[in-house]
There are 2 protein chains.
Amino acid sequence: MKSASPLLDMDSIEAQILNLHGFKITQPRFAVLSLLKGIVHPISSQEICDSIDNQVANQATIYRIIQSFLEAGIIREVNLRHGHIDYELARDEDDHHHLVCVSCGLVENFEECETEKIIKRVLKQTKKFASIHEHAMELFGICKACTKKNKKTTHR
Amino acid sequence: MKSASPLLDMDSIEAQILNLHGFKITQPRFAVLSLLKGIVHPISSQEICDSIDNQVANQATIYRIIQSFLEAGIIREVNLRHGHIDYELARDEDDHHHLVCVSCGLVENFEECETEKIIKRVLKQTKKFASIHEHAMELFGICKACTKKNKKTTHR
DNA sequence: TTGTAAATGCGAATGATTCGCATTTAGAAA
DNA sequence: TTTCTAAATGCGAATCATTCGCATTTACAA
């Protein structure tokens, strides 16, 4: 599914984010942000390329944008153990993590606050680190659908 | 640093792991396991290739081995936000996680048990998942060395 | 409206990863 | 020990994602 060329609404979230980080508001950047704003789970750079029409943004440009967004902290890398890196918007107001089915790849989000305690303790113990600003947490298991499926197939 | 061709000691940890998973004991597999056994922090597939002499294992073979070890659960993917996927031995007896400096890439391990509580709570809440067997946790911050370095350079 | 640094598009280059197939080999069976 | 065979490997070519260089376009400050 290719996203249609978005009109560059200067009051949109996308434009606000770009302004905030000192980026010029261009169609390619707008398209990448718009796409990431709409997804529920992280996606790969290839999925980003496939989802954005070449008329809207060239692939090389998309890769450059991903790189610069990463450095600016607008997006972050996520590891769902799918064999590649996925990306998601780094909304700093939320503290969500991922629950991944190692059998079918299903992803579910969950909220988590407990980690504050862990971070404090780790900071107390470490001799090399001064501060911690971000954390990632992924849980890997089997979803109910796959559990049911495997029961039928266990007699191999 | 290329690892010397290891003699295939049938009583070694490497051989035990291979036997356990029904893999034939070959020099390439032995070399990959031996390398991963010796590292403190996760490394990329390219680092694995660079560290193993071509006489000991061909690159294509190394990639095939990484793939099969992943599927067997002998190794796991780790995301240190270095732009690529790293790998480490999946010793199931340990529960270690990674503390990463986003400025210089320094990695430190830390032990963690608190997560059991979190997992129980998440399992209670989820409607889609039946079980959780593994978890990953990475903390991202700034190491003391970089903090000191940045203080000197902040006046740009 | 204009000027300019920044951003983009394009095509080529690169480099990691995969594939097909011929050859070798680990380990089971005789 | 020797034999046999599926499994594993090596090699070179092919593929595919990602990057690069450079000419052109464009956002936006003045």
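Within every chain, numbering begins at 1; the chains are lettered A, B, ... in the order of the sequence lines, protein sequences first and strands thereafter.
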Base, sugar-phosphate alone, or nothing: which one does B:Arg64 contact when heavy atoms must sit under 4.0 Å apart? base

Could you state the CZ-C1' distance from B:Arg29 to C:dT24, rounded to the nearest angstrom? 14 Å

Do B:Glu47 and B:Ser44 get their side chains close enough for a donor-acceptor pair, meaning under 3.5 Å? yes

When the distance from CD1 of B:Ile52 to P of D:dT9 is rounded to whole Å, what number comes out? 11 Å

What is the distance from CD1 of A:Ile65 to P of D:dT19, rounded to the nearest Å? 13 Å

Separation of B:Phe30 atom CZ from C:dG27 atom P, in whole Å? 12 Å

Donor-acceptor pair, side chain of B:Glu77 and main chain of A:Gly83, under 3.5 angstrom: yes

Please state how far atom CD1 in B:Ile62 lies from atom P in C:dT18, giving the value in whole angstrom units. 13 Å

Value in whole Å for how far the P atom of C:dA16 lies from NE2 of A:His84: 20 Å

Looking across every strand, which nucleic acid part, if any, lies under 4.0 Å from A:Gln59 by heavy atom: base, sugar-phosphate, or nothing? base

Does a side chain donor of either A:Glu88 or A:His96 reach within less than 3.5 Å of an acceptor in the other side chain? yes

Expressed as a whole number of angstroms, how long is the span from A:Asp50:CG to D:dA17:C1'? 11 Å

Of the options C:dT8, D:dA8, C:dC10, whose atoms approach the side-chain atoms of A:Pro28 most closely? C:dT8

Separation of C:dA7 atom C1' from A:Leu18 atom CG, nearest Å, is 12 Å

Closer than 4.0 Å, any side-chain N/O of A:Asn58 to the OP1 or OP2 of C:dC10? yes

Taking only residues two or more places apart in sequence or in another chain, which ones pass salt bridge (Lys or Arg N to Asp or Glu O under 4.0 Å) with A:Lys24? none

Treating B:Glu134 as the side-chain partner and A:Leu139 as the backbone partner, does any N or O pair qualify as donor plus acceptor under 3.5 Å? no

Can A:Arg81 and A:Glu138 be counted as an ion pair, charged N to O under 4.0 angstrom? no

Is there a donor-acceptor pair under 3.5 Å between the side chain of B:Asn79 and the backbone N or O of A:Ile85? no

Check nucleotides 25-30 of chain D against the protein and report each pair of N or O atoms closer than 3.5 Å, with its distance, or say if there are none.
from	atom 1	to	atom 2	distance (Å)
D:dC28	OP1	A:Ile25	N	2.8

Heavy-atom nearest nucleotide on DNA chain C taken for A:Ala60 and for B:Gln67; more 5' hit belongs to A:Ala60

